[in-house]
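Below, each value reflects all heavy atoms present in this structure, side chains not excepted, and no hydrogens, waters or symmetry copies. The chains referred to below are lettered A, B, ... by the order of the sequence lines, with proteins before strands, and numbering in each begins at 1.
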Amino acid sequence: MLTIQHKDTDTRARTGIMHLPHGDVEVPAFMPVGTNGTVKAIKHRDVDEMGYTLILGNTYHLYLRPGMEVIKQSGGLHEFSSWKHNILTDSGGFQVFSLATFRKIKEEGVRFRSHIDGAYHVFTPESVVEIQEAFGSDIQMALDVCTPPDISHKDALEALRITTNWAKRARKRWDERKEGYEGKLFGIIQGNFYEDLRKRSAEEILELDTPGIAIGGLSVGEPPEMFRDYLHYTAQFLPEEKPRYVMGIGTPDYMLEAVEAGIDMFDCVYPTRIARNGTCFTQEGLIALKNEKFRLDTTPIDPSCDCEVCRNYSRSYLRHLFKAKEILGPMLVTQHNLHFLYRFMEEVRASIRENRFRAYKQDFLKRYGKGL
RNA sequence: GGGGAGGUUCCCGAGUGGUCAAAGGGGGCAGACUGUAAAUCUGUUGCUUCGGCUUCGAAGGUUCAAAUCCUUCUCUCCCCA
């Protein structure tokens, strides 16, 4: 499902085309998150026009609301939400992790309470594959056990053991998918922040030979150096020919690090969330539009950006929208941030093709002002 | 003209003798946000040489002590004429 186009000469970075049921995706790629079947504060059509061909949806959320009946009735998530390109759905493993107060993990599956009405539900690796198949997901994720950075080796091992078993069962259930469903299954590597467990998880997940591989359990609150170290450590075990996905990262510095480690895909709520809270990406780093210093600033968010927002609106006006709590503020900044990241990934891909990724990374971070 | 209610820190609004520089909202300012229970959350918001100083419509008074009690003045709102 992946055609590698170019490998960087001095890092593990590569470019390629990922072939999916709803069209090709150029990688490395950032995937906007649309948890509830919508990338928040922006129309799918606008996301499409920016160039994105793969976005996320969330099994946990969509299963609870609107529920399977509604999505099946529309013929799947694409039709339901009017998105013609690819959708990757997360398995709910992370929600189980982030809603830890309600979870109960057993061998069979995970029991949890709905954040909407408190009702009890159970996810099993099999049921989650079935749900995602019903959604018509182009990429579906195996149910996993995500853990925080401060747990013991023993606990991490147990989480890993369950993750592997669940992945096996997911793989088996996915093999039994109905004819005509072309969605791909990705296994997820866990192992917390223990090298032996990361290695073991990688081996066990690779053994299952899923179409793509994800690295999970990173960017869960650990320090940046720890993220970087475990990212590179884990990435070295990943096979060349398969798409590699690091889950949950979305700042330019983390993405550059991941690309350098040979990662092809990442997703994150960060760009769209900070947008709704008034923070924008620029070539010179983040700016918080609500700050007083932008009150009379008639320049665009990022003078070097060619997006519709930067071509038409000033920081002063956007600041006003946020101060006045006008809904257009979050909408416009979401549009800018997603455009910014799309352009960013285009530049990253170009730099890889021209064997100058490392220089690009350095230049970018010099301007942007961060780095791991 | 008569009767009633009230003026609190940028705004609204608690507070009726000390534990009050004064609750709580709002607004302002700043920070956070990384497989979305997030158009959310957190901090801060009289001055200060950090010992204090100045604030609760104004002036005066009672008291060891007043935003809180008394007197006068002033302004606002409501009802009746």
Side-chain angles (χ1 to χ4, degrees), chain A residues 30-42 54-62 64-65 87-102 112-118 128 132 137 139-147 149 163 186 188-190 212 214-224 227 231 245-255 257-258 263 265-281 286-295 318-319 321-334 337 341 370 372:
Chain A
F30 171 74
M31 305 177 284
V33 178
T35 301
N36 282 310
T38 162
V39 179
K40 293 184 192 291
I42 190 166
L54 175 54
I55 64 173
L56 260 72
N58 199 297
T59 301
Y60 170 86
H61 296 263
L62 293 165
L64 291 178
R65 183 172 56 195
I87 298 175
L88 180 156
T89 45
D90 190 15
S91 62
F94 185 77
Q95 277 59 51
V96 166
F97 160 68
S98 61
L99 303 173
T101 48
F102 300 131
F112 61 93
R113 292 186 69 174
S114 162
H115 68 278
I116 299 164
D117 60 6
V128 166
Q132 293 179 96
S137 305
I139 294 175
Q140 55 166 277
M141 305 305 299
L143 189 65
D144 64 333
V145 181
C146 190
T147 51
T163 294
F186 278 37
I188 304 174
I189 297 171
Q190 289 291 343
I215 298 175
L218 291 183
S219 199
V220 287
E222 76 282 10
F227 164 79
L231 165 70
Y245 167 26
V246 171
M247 310 185 76
I249 66 170
T251 58
D253 50 351
Y254 272 46
M255 286 193 260
E257 201 62 38
I263 302 304
M265 315 151 62
F266 1 82
D267 75 285
C268 197
V269 304
Y270 188 82
T272 46
R273 179 181 288 170
I274 63 171
R276 293 191 302 282
N277 295 329
T279 301
C280 325
F281 290 122
L286 298 176
I287 63 168
L289 283 173
K290 285 187 269 197
N291 288 4
E292 210 272 335
K293 63 185 173 188
F294 300 121
R295 193 168 71 91
L318 291 163
R319 175 174 195 273
L321 293 180
F322 275 95
K323 299 308 280 186
K325 293 186 164 50
E326 282 294 334
I327 194 147
L328 187 60
M331 290 168 66
L332 293 177
V333 178
T334 295
N337 278 0
L341 286 187
K370 263 188 163 178
L372 299 178

Let me know the distance between [atom1] of [X] and [atom2] of [N], rounded to the nearest Å.
X: A:I116; N: B:rU36; atom1: CD1; atom2: P; value: 14 Å
X: A:M31; N: B:rG35; atom1: CE; atom2: P; value: 12 Å
X: A:L286; N: B:rU34; atom1: CG; atom2: P; value: 13 Å
X: A:F94; N: B:rG35; atom1: CZ; atom2: P; value: 5 Å
X: A:H115; N: B:rU36; atom1: NE2; atom2: P; value: 11 Å
X: A:L318; N: B:rA39; atom1: CG; atom2: C1'; value: 15 Å
X: A:R273; N: B:rU34; atom1: CZ; atom2: P; value: 5 Å
X: A:I249; N: B:rC33; atom1: CD1; atom2: C1'; value: 16 Å

Counting heavy atoms from C-beta on, name the nucleotide in [options] closest to the side chain of [X].
X: A:C268; options: B:rU36, B:rU40, B:rG35; answer: B:rG35
X: A:T251; options: B:rU34, B:rG35, B:rU40; answer: B:rU34
X: A:K323; options: B:rG28, B:rU36, B:rA39; answer: B:rG28

If the cut-off is 4.0 Å, is [X] near the phosphate of [N], judged by side-chain N/O to OP1 or OP2?
X: A:R276; N: B:rA32; answer: no
X: A:N291; N: B:rG31; answer: yes
X: A:T35; N: B:rU36; answer: yes
X: A:N58; N: B:rU36; answer: yes
X: A:S98; N: B:rA37; answer: yes
X: A:Q95; N: B:rG35; answer: no

In whole Å, measure the gap between the [atom1] atoms of [N] and [M] for me.
N: B:rU71; M: B:rC20; atom1: C1'; result: 25 Å
N: B:rC10; M: B:rC79; atom1: P; result: 31 Å
N: B:rA65; M: B:rC75; atom1: P; result: 32 Å
N: B:rU16; M: B:rU48; atom1: C1'; result: 31 Å
N: B:rU49; M: B:rG60; atom1: P; result: 30 Å
N: B:rU19; M: B:rC70; atom1: C1'; result: 26 Å
N: B:rC33; M: B:rG17; atom1: C1'; result: 48 Å
N: B:rU40; M: B:rC56; atom1: P; result: 37 Å

Just one of A:N337, A:I327, A:L321 clears the side chain to side chain contact (heavy atoms under 4.5 Å, CB included) bar with A:L332, so which one? A:L321
Name the residue from A:I55, A:L341, A:I139, A:L88 that meets the side chain to side chain contact (heavy atoms under 4.5 Å, CB included) definition with A:M31. A:L88
Closest to the 5' end of RNA chain B, once A:I188 and A:P330 are matched to their nearest nucleotides, is A:I188
Whichever of A:G93 and A:I327 has its nearest RNA chain B nucleotide further upstream toward 5': A:G93
Looking at [N], which nucleotide sits across from it as a Watson-Crick or G-U wobble partner, both distances under 3.5 angstrom, or is there none?
N: B:rC77; value: B:rG4
N: B:rU68; value: none
N: B:rU16; value: none
N: B:rA30; value: B:rU42

Partners of A:D267 by side-chain hydrogen bond (donor to acceptor under 3.5 Å, both in side chains), sequence neighbours excluded? A:Y245
Can you sort out the partners of A:T38 under side-chain hydrogen bond (donor to acceptor under 3.5 Å, both in side chains), two or more places apart, ordered by chain and number? none
Expected output: side-chain [X] to main-chain [Y] donor-acceptor under 3.5 Å:
X: A:R319; Y: A:N291; answer: yes
X: A:T59; Y: A:T89; answer: no
X: A:T334; Y: A:I42; answer: no
X: A:E222; Y: A:V220; answer: yes

What N/O pairs connect the protein and nucleotides 41-45 of chain B at under 3.5 Å? Give each pair on its own line.
none

Using a 4.0 Å heavy-atom cut-off, does [X] contact any base of the nucleic acid, only the sugar-phosphate backbone, or nothing at all?
X: A:K40; result: base
X: A:Q190; result: base
X: A:G34; result: nothing
X: A:S114; result: nothing
X: A:D90; result: base

Give a yes or no on whether the ring-centroid distance for A:Y60 and A:F112 is below 6.0 angstrom. yes
A:D253-A:T251 side chain donor-acceptor pair, cut-off 3.5 Å: yes
